[in-house]
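A quick write-up on the structure given underneath.
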Amino acid sequence: VSVAAALARIVGQEHVRTGSALRPFLHDATEARNLRGRADAAALPATPEEVAAIVSWCHDTGTAVVPRGGGTGYAGGCVPDGGVVIGLERLRRVRALDPLEWRMQAEAGVTTRDVQRLAGENGLFFPPNPGAAEQSQLGGNIATNAGGPRAFKYGVTGAWITGIEAVLAPGRIVSFGGPVRKDVAGYDLVHLLVGSEGTLGIVTAAWLRLIPPPAARYPIVALYPDAGSGCAAVAAAMASGTVPSLIEYLDGAAVEIARGSCPLDLPPGGPFMLLCEADGDEQEAERGRGLLLEALSDGALTVVAPPAGGADQLWRWRETVPTAVDAFLGGKVSEDIVVPIERLAEAIERTHEIGARHGIRACSWGHAGDGNLHSSFLFDRNQPDRARSAQAAAEELFSLALELGGSISGEHGLGLVKSGHLAGVWSPQVVEAQRAVRAAFDPDGLMNPGKKMP
Ligand SMILES: Cc1cc2nc3c(=O)[nH]c(=O)nc-3n(C[C@H](O)[C@H](O)[C@H](O)COP(=O)(O)OP(=O)(O)OC[C@H]3O[C@@H](n4cnc5c(N)ncnc54)[C@H](O)[C@@H]3O)c2cc1C
């Protein structure tokens with residue numbers, strides 16, 4: 001039986017993709033670095049049982065299984081290198097929504113935006129807000145432990161997950177955790193699956209913890225002559241006596257690229273930008289705004305507090321920054337290194353030094369409060385030698401992150417693009433422990449092979 005015919009028996013012919021219909025399942029947001037995979041077929045199951053049947057067939061036949069959410073990942077995690085892609089987009093049921101208990105159980109294919117919207121419509125709040133929320137899915141957010149701006153105050157996706165239902169090798173549906181808010185009975189396998197990038201199992205549903213939303217949100221924008229003064233202001237904001245919900249930055253080069261659509265009037269010359277937000281109940285948010293305005297003013301060219309209504313427009317603009325950078329020259333290699341917060345300015349400046357050494361235009365932006373940069377090298381996609389230079393520059397970022405006491409990925413994961421780098425980063429004992437975990441869940445090496453660990 002062909003792969004497609006076997007999959008059709010499980011999910012129905014209309015939910016199997018081959019030939020040209022398979023193409024959209026072969027890439028993710030790393031397309032700007034020319035990354036494309038290959039696969040035998042993609043299947044779009046509608047239930048966990050169908051996912052389990054596919055995984056079971058793949059194990060019986062020694063076929064690789066690659067889970068795919070919204071395909072917005074920046075690490076090539078869902079880019080297949082042969083085998084079967086399982087697209088989770090039809091697993092879209094919200095199985096439970098309990099506003100009074102502040103929780104929800106949703107299937108993996110529900111988009112991030114729908115999770116946020118449903119929580120909001122029921123008077124609650126799901127804080128994680130990675131960009132690309134319209135396309136990314138809950139399962140992909142869990143598999144990458146996605147962050148986003150608000151992670152600074154509220155934590156990353158994993159902080160909001162109390163239970164996971166997943167299909168494990170060789171094709172069993174297993175539930176870890178559940179609706180309970182605390183559970184220390186066993187090893188914490190819920191959070192072992194969080195961030196596992198599809199290499200330990202396929203998430204089919206999850207229990208989410210929700211909270212009441214902050215009543216007020218006040219944005220603050222501050223501009224500085226350089227990264228040094230901007231990052232000193234980050235430290236001042238952290239010492240201000242309030243916890244901002246987010247502290248984001250754009251370096252001067254990123255500001256220049258994205259300034260066209262910016263709702264604010266920006267002075268020329270590529271200032272370094274900080275975007276902050278004070279939130280909470282009305283009184284708390286106002287107090288926070290006051291403290292932040294004062295803390296951010298030292299060394300600033302200007303500090304603006306747009307009216308509360310202006311926040312949405314500003315955040316929508318911030319969400320377009322990655323795509324504006326992608327579009328600038330057509331090609332981009334971007335790495336999401338993370339460094340201790342006090343080394344942020346150095347990491348931002350050295351990103352430019354690395355770019356200059358390779359003759360490549362660089363810029364960075366990211367989650368300043370978390371020390372998480374999106375350091376990017378830009379190139380014309382029609383010039384393969386430029387792409388190679390950008391890649392070589394990106395490799396230097398990994399050494400930089402380590403030298404500064406950080407890590408090679410703050411939120412996008414290792415996927416395919418960084419899968420070979422762990423051994424160079426961690427001690428042999430740590431690598432061995434990581435391998436042992438993987439082998440316990442995936443003894444045949446068929447779950448998203450080649451990702452995270454080579
Ligand atoms: C414009 C833009 C902005 C972004 N901003 C942020 C940001 O602020 N913070 C951030 O953290 N990320 C950000 N990202 C990256 C990306 O959106 C996140 O990593 C997101 O969580 C990926 O979700 P996805 O559903 O698209 O997953 P995919 O890209 O489809 O897959 C990502 C990984 O998860 C695995 N996977 C997917 N679904 C499942 C499942 N159900 N079970 C098991 N494994 C699965 C895949 O195999 C792959 O390894 C951004 C991306 C874009 C394009």
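Each ligand, and each atom within it, is numbered from 1 in the order the structure gives.
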Side chain, backbone, both or neither: which part of [X] comes within less than 4.0 Å of ligand 1 when only heavy atoms are counted?
| X | result |
| --- | --- |
| Ser136 | both |
| Ile142 | neither |
| Lys451 | neither |
| His412 | side chain |
| Leu88 | side chain |

When the ring planes of [X] and [Y] are compared, do they come out parallel, tilted or perpendicular, using 30° and 60° as the limits?
| X | Y | value |
| --- | --- | --- |
| Trp160 | Phe126 | perpendicular |
| His367 | His374 | perpendicular |
| Phe176 | Phe441 | tilted |

Per [atom], closest listed option by heavy atom ([options]):
| atom | options | result |
| --- | --- | --- |
| atom 8 (O) of ligand 1 | Gly139, Gly148, Gly195, Ser196 | Gly148 |
| atom 41 (N) of ligand 1 | Asp28, Asn372, Val203 | Val203 |
| atom 27 (O) of ligand 1 | Pro130, Gly140, Gly87 | Gly140 |

For the 3.5 Å polar cut-off, considering only N or O atoms, please tell me whether [X] and ligand 1 meet it.
| X | answer |
| --- | --- |
| Gly69 | yes |
| Val66 | no |
| Gly70 | yes |

Using distance alone, with no hydrogens and no angle criterion, decide if [X] and [Y] have a side-chain donor and acceptor under 3.5 Å apart.
| X | Y | answer |
| --- | --- | --- |
| Glu335 | Ser375 | no |
| Asn372 | Tyr249 | no |
| Ser409 | Asp336 | yes |

Return the residue, atom name and 0.1 Å-rounded distance of the protein heavy atom closest to [atom].
| atom | value |
| --- | --- |
| atom 52 (C) of ligand 1 | Tyr74 CE1, 3.4 Å |
| atom 11 (O) of ligand 1 | Gly147 N, 2.8 Å |
| atom 19 (O) of ligand 1 | Thr144 OG1, 3.5 Å |

Heavy-atom neighbours of Arg36 CZ exceed 12 at 6.0 Å =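 Yes, the 6.0 Å shell around CZ holds more than 12 heavy atoms from other groups.
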
Thr323 heavy atom under 4.0 Å from ligand 1 | no

Roughly how far, to the nearest 0.5 Å, is the CD1 atom of Ile348 from the CG atom of Leu373?
->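 These two atoms lie 5.5 Å from each other.
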
Note: Glu165-Arg95 ion pair, threshold 4.0 Å (strictly below) = yes

